[in-house]
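Counting starts at 1 for both ligands and their atoms, following the listed order.
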Amino acid sequence: MALAEPLVLYTAKVCPYAQRVELALAETGLKKDVDFERYEIDLQNKPQWYQPKINPASKVPAIAYGGPKVPGDQPSPSSTKIAESLVLLEFVADLFPDSSLLPKDPVLRAQTRFFIDAFSTKFSPVSFAFQSGKDASGDALLSAIEHVQALLAPKGFAIGDGSSVTIADLAVAPFFGRMEIVLKNDFGGYPEGEGKKVWETLQTDSRFERWRKYWADLKARDSFKATFDEAYLTERFSSRFAKAREELKASTAK
Ligand SMILES: N[C@@H](CCC(=O)N[C@@H](CS)C(=O)NCC(=O)O)C(=O)O
């Protein structure tokens, strides 16, 4: 499959929202540096032109689509700039209507969007609260995963008969990937040992059998392997969460 217009994806390896869009482009079979340009933004030191020329919200991911073929750091005013990961997932699906990333059937389309909405409202806030230590209850996180699990097709991927990957799967995979790193390394603002405990439950409790298989299927995809750098993320999270743990220890020692 080929693109009708030039496309530059502004992204950052660390960012789960950006990985959503990288996954979608990879699933279409487009090749980075051949069919589109992948431009890494250093979030700690963003280029001056990024906010005014690409995304007024100054976040990744963003896409510049159309206009003349220009390097990512010299964006053309005549390309269209589009931001927000969930909008971009649908945009990539719309560029490739035959890819099955967004099913054609109206009911399956609605279910795809509902799944993403449920993940965003039920899983994400609980997961962030747990990782930051604001709500150290692993039970809330496990319940949120059960909630998402209940929406999955009986086998395979999330939607319909589970035979095709859709944007529903691509919206959640980056967050499960980061959750796995955080829990199994016990990175977080919660008391020591809590992350590993939750990970152990997820790995062994029969309640989570369907989720385990689903997550294994997502991780095994070439698109996931090509866009997820476990060693890099482990290193980044290690320093970020060491700080949160120190703050927790300092506050409980008072
Ligand atoms: N709602 C946005 C969230 C994107 C987002 O928060 N991106 C973060 C990185 S993960 C970002 O670019 N933050 C700006 C910064 O760090 O300055 C989306 O879904 O695309």
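- Around ligand 1 you find C15, Y17, L43, K46, S58, K59, V60, P61, E84, S85, each with a heavy-atom distance below 4.0 Å.
- Between W215 and F208, a ring centre-to-centre spacing not shorter than 6.0 Å is recorded.
- The side-chain contact (heavy atoms from CB on, under 4.5 Å) test with L25 singles out one residue from L9, L170, D35, and that residue is L9.
- Screening residues 107-124 for side chain to side chain donor-acceptor pair (under 3.5 Å) gives E90-R113 as the qualifying pairs, with residues at least two apart or on separate chains.
- For residues 4-16, the pairs satisfying side chain to side chain donor-acceptor pair (under 3.5 Å) are T11-E22, K13-D229, with sequence neighbours left out.
- Aromatic rings from F115 and F157 are positioned such that their centres are separated by 6.0 Å or more.
- Sorted by first and then second residue, the salt bridge (charged side-chain N to carboxylate O under 4.0 Å, His left out) pairs involving residues 165-181 (not counting sequence neighbours) are E180-K184, E180-K219.
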